[in-house]
Amino acid sequence: MPYNIAVIGTGYVGLVSGTCFAENGNQVICVDNDPKKLDKLNNGKIPIYEPGLHPLYERNHKEGRLHFTDDLEEAVLKSDVVFLCLPTPPQEDGSADLQYVLKVADDIGQILAKHAPQPFKVIVDKSTVPIGTSEKVTATINAHYDGDFTVASNPEFLREGFAVEDSLRPDRVVIGTSHEQAKQILTDLYEPFVLSGNPIIIMDERSAEITKYAANSHLAMRISFMNDLANLCEILGANIDNVRRGIGTDSRIGKKFLFAGSGYGGSCFPKDVKALLKTSNDAQNKLRIVEAVEDVNADQPKRFFKKVYDYFDGDLKGKTFALWGLAFKPNTDDTREAPAFIIIDHLLDAGATVQAFDPEAMENTRELRFGDRITYAGKSYEALQNADALLLITEWNEFRMPDWKKIKEMLNAPVVFDGRNIYDMQEMEKNGFDYFSIGRPPVRARK
Ligand SMILES: NC(=O)c1ccc[n+]([C@@H]2O[C@H](COP(=O)([O-])OP(=O)(O)OC[C@H]3O[C@@H](n4cnc5c(N)ncnc54)[C@H](O)[C@@H]3O)[C@@H](O)[C@H]2O)c1
């Protein structure tokens, strides 16, 4: 039997999850309080860039299984399961801001009380929330309504850029609940997503909440570990790519998340690492490894900028830099906590001009941060015109095999800084470039 589902918060997680629940035959109502988003979604457009999402959204919307509204009351009353996919941004002290989650919990409590009694409902935290949040959400709803409901935790592990694939075929589903009926409903709901045999792991609410932070902090740790080693390789004249291949082939270590670069960003790793540290500090416990993960990452974009600064002998005033890539990673338009933003800040502070290109993230960059303080190129090569160097920040596929001859003609001088190690050092030397990457020896072909 299909379920009636409400998804509250129709952003990256809510829209993808809601669409995928509809794809499996459920009736889904997505709620948002942003009229611009709703207008787009009700008129055939999706407000984010996520590969593979549009056809799924279009089909399920047309077939009447996927609806978009600002009417929380109608959505809650019509649903058996209510997913909270609301933002949990970092606060000044690093803790996750629960105001959006608790506000909606309060609204749900009032709605249920107004229409009591209601049939049993499962309220599910899909947002990444601090340990103990399901108890807080329960108490907030309970303040208005003492009817039949439970609050479960169901952390989301999707990756932007692969969100549809990850949602339709997750490696695992984690469900945190001790309520038997909720276990049954959520297992039923997720079974079609794990037909290949991937597990649905059921645990208590607190363990599910910490599992999400543990997963993101572990992945961030691998990146910071490699960046830390890359910095040592630079000092000692080794090549981090060789080291990566040397260790990644060990099946105990594995190949993924071992790439050195100019730091991790995005809406998850930075804020989740900070929130875990805050939770731990509040519990009078030091998470020493996670502290180091954050320290190393904070340095990486600055170190990248320092390479540019040193190359030009500390004089960037009046220089122009072509910047390829603004999104925090390829295949997304998300620029939250993007290393590119930190690098641009430093370049502008030093008096340089930035000509940027990104296939999807220029609108967000303009709207959310830089406005007209940088220029946005219509095509990747346009950004190079009269620039003093090219800075590669996000490894979109289209930047992987550039026409070096054309680049040489367009730049004032053949100089490339590669923040993701995507170019071959020998090829750069052969093509006559000065080339600087992360944790690999510099190439100085211009002498
Ligand atoms: N983006 C990811 O890759 C990802 C992956 C896993 C987990 N998460 C977690 O999921 C949560 C949501 O993240 P996101 O990236 O989807 O955020 P988002 O900002 O893209 O989406 C949140 C949506 O909630 C809406 N909203 C805010 N207040 C509302 C209200 N009162 N009523 C209705 N809608 C409201 C916003 O308008 C927005 O559309 C966060 O806790 C995040 O950490 C994100």
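Worth saying up front: this structure is predicted, and the values here are computed from it rather than measured. Every number for a ligand or one of its atoms is a count from 1 in the order of the listing. Only heavy atoms go into these numbers, but all of them, side chains included; no hydrogens, no water, no symmetry mates.
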- For the residue pair Phe269 and Asn216, what are the closest heavy atoms and their distance? CE1-OD1, 3.4 Å
- Task: Below 4.0 angstrom from a heavy atom of Cys85, which ligand 1 atoms are there? Numbered from 1 as shown, please.
- Result: 12 (C), 22 (C)
- Note on the structure: re atom 41 (O) of ligand 1, the protein heavy-atom contact at minimum distance is Thr88 OG1, 2.6 Å
- State whether Asp345 and Arg369 are salt-bridged, where the test is any N-O pair (Lys NZ or Arg NE/NH1/NH2 against Asp/Glu carboxylate O) under 4.0 Å. yes
- Query: So which protein heavy atom does atom 24 (O) of ligand 1 come closest to, and at what separation?
  - Reply: Gly9 CA, 3.3 Å
- Task: Could you tell me if any non-hydrogen atom of Lys103 lies under 4.0 Å from any atom of ligand 1?
- Result: no
- Element-labelled atoms of ligand 1 that are located less than 4.0 Å from some non-hydrogen atom of Tyr12: 1 (N), 15 (O), 16 (O), 20 (O)
- Item | Residue, atom name and distance, where the atom is the protein heavy atom closest to atom 42 (C) of ligand 1 | Lys271 NZ, 3.8 Å
- Query: In the protein, which heavy atom is nearest to atom 8 (N) of ligand 1, and how far is it?
  - Reply: Val13 CG2, 3.5 Å
- Query: For the residue pair Phe305 and His346, does the interplanar ring angle fall in the parallel (under 30°), tilted (30 to 60°) or perpendicular (over 60°) class?
  - Reply: parallel
- Task: Would you tell me whether Asn227 and Ser224 have side-chain atoms, one donor and one acceptor, within less than 3.5 Å of each other?
- Result: no
- Item | Under 4.0 Å to a heavy atom of Lys37 - the qualifying atoms of ligand 1, by number | 38 (C), 39 (O)
- Distance-only side-chain donor-acceptor flag, Ser134 / Glu205, under 3.5 Å: no
- Query: Among Leu86, Asp70, Thr128, which residue places a heavy atom closest to atom 12 (C) of ligand 1?
  - Reply: Leu86
- Among Val416, Leu384, Ile393, Asp358, which residue meets the side chain to side chain contact (heavy atoms under 4.5 Å, CB included) test with Trp324? Leu384
- Which atoms from ligand 1 have a heavy atom of Tyr100 less than 4.0 Å away? 28 (N)
- Task: Could you check which of Leu158, Asp334, Asp32 puts a non-hydrogen atom nearest to atom 37 (O) of ligand 1?
- Result: Asp32
- Task: Taking only Lys NZ, Arg NE, NH1 and NH2, and the carboxylate oxygens of Asp or Glu, determine whether Arg336 and Asp334 approach each other closer than 4.0 Å.
- Result: yes
- Item | Glu180 with Lys183: basic N within carboxylate O range, under 4.0 Å | yes
- Query: So which protein heavy atom does atom 33 (C) of ligand 1 come closest to, and at what separation?
  - Reply: Asn33 N, 3.5 Å
- Near Val104, which atoms of ligand 1 are under 4.0 Å from a heavy atom of that residue? 30 (C), 31 (N)
- Parallel, tilted or perpendicular for Phe120 and His179, by the 30°/60° rule? parallel
- Query: How close does the nearest protein non-hydrogen atom get to atom 6 (C) of ligand 1, and which residue and atom is it?
  - Reply: Glu156 O, 3.2 Å
- Message: Heavy-atom contact check, 4.0 Å cutoff: does Arg159 meet ligand 1?
- Response: no
- Query: For atom 2 (C) of ligand 1, what is the nearest protein heavy atom, given as residue, atom name and distance?
  - Reply: Glu160 OE2, 3.4 Å
- With the threshold set at 4.0 Å, does a side-chain nitrogen-carboxylate oxygen contact exist between Lys78 and Glu73? no
- With no hydrogens and no angle check, do the side chains of Asn142 and Asp146 hold a donor and an acceptor under 3.5 Å apart? no
- Message: Can you report which non-hydrogen protein atom sits closest to atom 15 (O) of ligand 1, along with the distance?
- Response: Arg336 NH2, 3.1 Å
